[in-house]
*Asks:* 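Let me give you the structure first, and then I'll get to my questions.
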There are 2 protein chains.
Amino acid sequence: MDELDSAIVRELQRDARQSNRDIARKVGVAPSTSLERIRLLRERGVIRGYHADIAPSALNRGVQALVSVQVRPLSRGVIDAFKAFAAQLPEVLSVFVMAGSDDFVIHVSAQDNEHLHAFLVDRLSQRKEIVGFRTSIIFQHLAKHDPAPLPAP
Amino acid sequence: MDELDSAIVRELQRDARQSNRDIARKVGVAPSTSLERIRLLRERGVIRGYHADIAPSALNRGVQALVSVQVRPLSRGVIDAFKAFAAQLPEVLSVFVMAGSDDFVIHVSAQDNEHLHAFLVDRLSQRKEIVGFRTSIIFQHLAKHDPAPLPAP
DNA sequence: TGCTGAGCCGAACGTTGTTCGGCAGTCAGC
DNA sequence: GCTGACTGCCGAACAACGTTCGGCTCAGCA
């Protein structure tokens, strides 16, 4: 991860669909060089993929929420099973496994409040390992798609 | 947003860096057609961008947390100002503006626990409008990068 | 000094992006 | 039913691009 790698990563975070030649020009190397760097970054697992960012409303996901979930017993089996269950639900956007008073925080979205409610009471609360959950509606979500590298510790 | 648009969006969510010809072949149209569709999807704001997914550790972000924040007074000015402040901090990955007992949930990451703590007490808690916040460490974060469209309501 | 390896470059060639003219299907108005 | 306008798709053409590979430079080391 030298300065060149960082510059390439920054460009791909900003716009993953620009041409390799554009990237090479912006970071100041030959296209063959940046191509090889990108190949190595993927191989080393630094770059995990490239994804289009889609407006939620276009996917019929007008309402979003964070759901804090407590499960019992707190064993690996229960945690892994619940994690896999949650991740596979279509309404779930992302699953956080947490330390602290909540065991999971789940970022979900649905067509509207009615569907969200139905999802919570029909799907989520079915699970026997859940001993409690708390849902908070998201008014607005600002996501940074190009987090900068922090200085080395 | 017909079936063709959905198929194209799905492909770009899965891999935003594949060639337009590949996408066209997979969804069963001519490359010129899929190119035009993609152009329109961007123009309509359905596709908001393309971003590389980078391993957090490669950005020196070994520890992540969710911070629930309460601010007062709950006026638009205070909310907008705090939102802008939070979004601009390098440690912040994303900002949720919430309904319910917490006003914000902030997804942050830092090099290690020490830096995280320093960030919380030196940067975040400086803000006068904050009347309380609660930090929960994230053990694991599973993100779905290709949420499927939900059935129309 | 000479050797070795790593990293970058530039040329070359097959592949792709992008534009544009044309064609088929649809629909409104008559 | 006919006409005309419109929309969306296709395929060809050319410029631009991706990808490979041989060779060059330079640092490190003995």
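All chains are named by letter (A, B, ...) in the order of the sequence lines, taking the proteins before the strands, and each is independently numbered beginning at 1.
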*Asks:* Output the single nucleotide from dC8(C), dG18(D), dT19(C) whose closest atom is nearest the side chain of S19(A).
*Replies:*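 Selected nucleotide (nearest to the side chain): dG18(D).
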*Asks:* For the side chain of N20(A), counting heavy atoms from C-beta on, which of dT19(C), dT19(D), dC9(C) is nearest?
*Replies:*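 From the listed options, dT19(D) comes nearest.
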*Asks:* Given atom NZ of K26(A) and atom P of dC17(D), what is their separation to the nearest angstrom?
*Replies:*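 These atoms are roughly 12 Å apart.
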*Asks:* Tell me the interatomic distance from E36(B), atom CD, to dT19(C), atom P, rounded to whole angstroms.
*Replies:*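 Roughly 9 Å, once rounded to whole Å.
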*Asks:* In whole angstrom, what separates L41(B)'s CG from dG8(D)'s P?
*Replies:*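 Result: 12 Å.
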*Asks:* Can you tell me the distance, in whole Å, between the CD atom of Q18(A) and the P atom of dA16(D)?
*Replies:*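 The distance from CD of Q18(A) to P of dA16(D) comes to 18 Å, rounded to the nearest Å.
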*Asks:* Within 45 degrees of the ring normal and closer than 6.0 Å to the centroid, is that where the cationic atom of R127(A) sits relative to F82(A)?
*Replies:* no
*Asks:* Does R17(B) come within less than 4.0 Å of D15(A), counting only side-chain N to carboxylate O?
*Replies:*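 Between D15(A) and R17(B) there is no salt bridge, as every charged N stays at least 4.0 Å from the carboxylate O atoms.
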*Asks:* When the distance from CZ of R17(A) to C1' of dG17(C) is rounded to whole Å, what number comes out?
*Replies:* 10 Å
*Asks:* Which part of the nucleic acid, if any, lies within reach of L40(A) when heavy atoms closer than 4.0 Å are counted: base, sugar-phosphate only, or nothing?
*Replies:* nothing
*Asks:* Counting side-chain heavy atoms from C-beta on, which of dG11(D), dT18(C), dT19(D) comes nearest to A30(B)?
*Replies:*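 Of the candidates, dG11(D) comes closest.
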*Asks:* Distance check: side-chain N/O of R37(B) vs OP1/OP2 of dC9(D), anything under 4.0 Å?
*Replies:* yes
*Asks:* State plainly whether the residues R37(B) and D5(B) are in salt-bridge range, i.e. N to O under 4.0 Å.
*Replies:* yes
*Asks:* Rounded to whole angstrom units, what separation is found between the CD1 atom of I38(B) and the P atom of dT16(C)?
*Replies:*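 Atom-to-atom, I38(B) to dT16(C), this comes out as 15 Å.
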*Asks:* Do the side chain of R48(A) and the main chain of A52(B) share a donor and acceptor less than 3.5 angstrom apart?
*Replies:* no
*Asks:* Where the side chain of T33(B) is concerned, which of dG17(C), dC17(D), dC9(D) is the nearest nucleotide?
*Replies:* dC9(D)
*Asks:* Identify which nucleotide among dC10(D), dC8(C), dC17(D) has an atom closest to any side-chain atom of D22(A), counting heavy atoms from C-beta outward.
*Replies:*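 Side chain of D22(A) sits closest to dC17(D).
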*Asks:* Check the distance between dC20(C)'s P and L35(B)'s CG and give it to me in whole angstrom.
*Replies:*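 L35(B) atom CG is separated from dC20(C) atom P by 13 Å.
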*Asks:* Check this for me: does any side-chain nitrogen of one of K83(B) and D103(B) sit under 4.0 Å from a carboxylate oxygen of the other?
*Replies:*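 Not counted as a salt bridge, because no side-chain N and carboxylate O are separated by less than 4.0 Å.
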*Asks:* Rounded off to whole Å, could you give me the CZ-to-C1' distance for the R25(A) and dG10(C) pair?
*Replies:*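 In whole Å, dG10(C) C1' lies 17 Å from R25(A) CZ.
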*Asks:* Looking only at side-chain atoms of R21(B), point me to the closest of dC9(D), dT19(C), dT16(C).
*Replies:* dT16(C)
